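No hydrogens, no waters, no symmetry mates; every other heavy atom, side chains included, goes into these values. Quick caveat, the model's predicted, so the values are computed rather than measured. In what follows, chains carry the letters A, B, and so on, assigned in the order in which the sequence lines appear, proteins first and then strands, with residues in each chain numbered from 1.
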Number of protein chains: 2
Amino acid sequence: MTADTDEPRDGQRRRDARATREAILNSAIEAFTRLGYDGAGVREVAGGAGVTAMLVNRYFGSKEQLFAEAVDRSFTPRTVVSDDPSALSERTAARLAARTSPEADDLDPFVLMLRSVASPRAAEIIRAGIEKHVGRHLTDLLPGPDAAPRAELLLSLIAGVWLMRKVIATPALTDMDQGALTRQLHDLMEVLVNAPPSTSGGGSDGS
Amino acid sequence: MTADTDEPRDGQRRRDARATREAILNSAIEAFTRLGYDGAGVREVAGGAGVTAMLVNRYFGSKEQLFAEAVDRSFTPRTVVSDDPSALSERTAARLAARTSPEADDLDPFVLMLRSVASPRAAEIIRAGIEKHVGRHLTDLLPGPDAAPRAELLLSLIAGVWLMRKVIATPALTDMDQGALTRQLHDLMEVLVNAPPSTSGGGSDGS
DNA sequence: CGGTCACGTCTACGAGTGTAGACTACTGCG
DNA sequence: CGCAGTAGTCTACACTCGTAGACGTGACCG
């Protein structure tokens, strides 16, 4: 971490606008991830930062703008998708399996997303954030044609696993052996990465 | 539809407890799917059924119990997962692609789920519903060992596609050609259906 | 030491939430 | 016709929400 979030030595932050704004934003990420956009109140966010509710609106204008900044910040460190094109599916599968394990703390942009999509305004903000941060980046990483829809399909898989394993907590998937899960996810992602443009003449399409 | 939801000929339902209960439940499914558990108010549900809010609680006890019945009802007709074991991945992929297309009406149990998981109580109810209706059923359909986690992985994929395509509406995936999407989903589901117990000696498992 | 301005808080409002209890009105039966 | 029971409504309560405006207060600068 950078050194700008220095905590005061006297135990109380003293009229430091920069640090207060940061504290509010961090508290917002935590609250939105845990409770979702609708569930997290401004007072809750403020309390987590040690300030009153009105300061939140003074710094961020409104809850909606606060959420937009929280989404932006939450997605900036790429926690799951690997940056290495050659080992993309392998490393991404391993990271996903590890970060969705029951022991892991569930502070994650995907959880924030899943718990906030109920609100249409939040969904719109999330869509923009997804495109800006992961979608575009992932599209560049995938080889072959039609990389964009395949990238979003990969994101669908990641989000789905996060949903079932950490938000809904289906038992069989939650208790699944991590090695086996990693292998399964790896196989699935390989299908998406190694683009079959239209391999295997599956011509028998109905409709 | 069955004939028990007969609408009155004089345009107004007249003191028919059975039909009123049904109307409330249908309105609840519609409202919860569109707005989620937190977003849909009791008054909204009641208004959709043409009654007042208090009647909802009189018939269902509380909003939470109403939600539980709505989830149960919403999941009973299997809309996506095919019942045919031999063509499971093929038909499920086709149905999923069709039902998540932009033209399709988004009244679906998966959307109801995705828009309601923010509430912990609702998430618990959904988990039970998933297990009861689709999970168990799908586990029986899948061949090979460890069918339960693979079934839930399949559900993760389905839920993720619903999320990205209909709830968040990422453009590349929403506008994706239906035939191509069906093919991609089919390939993915094949990986899950044709269980590789531990094929391809990726024995390097940590932990 | 005193002024000044930004940082932070307090009170409050209007709207919306789920739910409880009392009340009305309609239907069917004797 | 009158009684009874049930389908449905009305009013209300206690609470939380996001946000607006007025107010206090501490630190820096001269």
*Is B:Ala40 touching bases, backbone alone, or none of the nucleic acid, heavy atoms closer than 4.0 Å?*
sugar-phosphate
*A:Phe67 CZ to D:dT19 P, straight-line distance once rounded to whole Å*: 14 Å
_Side-chain donor-acceptor contact under 3.5 Å, A:Ser86 with A:Asp84_ = yes
*asked:* Without decimals, in angstroms, what is the distance between B:Glu44 CD and C:dT17 P?
replied: 8 Å
*Measure the distance from CD on A:Gln65 to P on D:dG18 and round it to the nearest whole Å.*
14 Å
_Does this structure show an ion pair linking B:Glu90 with B:Arg183, if we count only N-O contacts that are shorter than 4.0 Å?_
no
*asked:* In terms of relative ring orientation, are A:Phe75 and A:Phe110 parallel, tilted or perpendicular, with 30° and 60° separating the classes?
replied: perpendicular
*Kindly point out which of C:dA20, D:dA7, C:dC10 is positioned nearest to the side chain of A:Met54?*
C:dC10
*To the nearest Å, how far apart are A:Phe60 CZ and C:dG8 C1'?*
15 Å
*asked:* With side chain to side chain contact (heavy atoms under 4.5 Å, CB included) as the criterion, how do B:Thr79 and B:Arg95 come out once you've worked through the C-alpha distance, each side chain's angles and the decisive distance to 0.1 Å?
replied: CA-CA 8 Å; B:Thr79 66; B:Arg95 284 195 201 175; over 6 Å; no
_5' precedence on DNA chain D between A:Arg58 and A:Gly41 (nearest-nucleotide basis)_ = A:Gly41
*Salt bridge check: are B:Glu124 and B:Arg121 linked by an N-O gap of less than 4.0 Å?*
no
_Gap between atoms CG and P, on B:Asp38 and D:dC15 respectively (whole Å)_ = 20 Å
*Can you tell me how far P of D:dT25 sits from CG of A:Leu55, to the nearest Å?*
16 Å
_Touch class at under 4.0 angstrom, heavy-atom based, for A:Tyr59 against every strand present_ = sugar-phosphate
*Can a side chain N or O of B:Thr20 be found less than 4.0 Å away from OP1 or OP2 on D:dG8?*
yes
_Contact nearer the 5' end of DNA chain C, comparing A:Ala53 with B:Lys63_ = A:Ala53
*Grab the CG-C1' distance between B:Asn57 and D:dT9 for me, whole Å please.*
14 Å
*Nucleotide D:dC17, atom P - distance to OH of A:Tyr37 in whole Å*: 13 Å
_Looking at B:Arg43 and C:dT19, is any side-chain donor or acceptor paired with a base atom of the opposite kind under 3.5 Å?_
yes
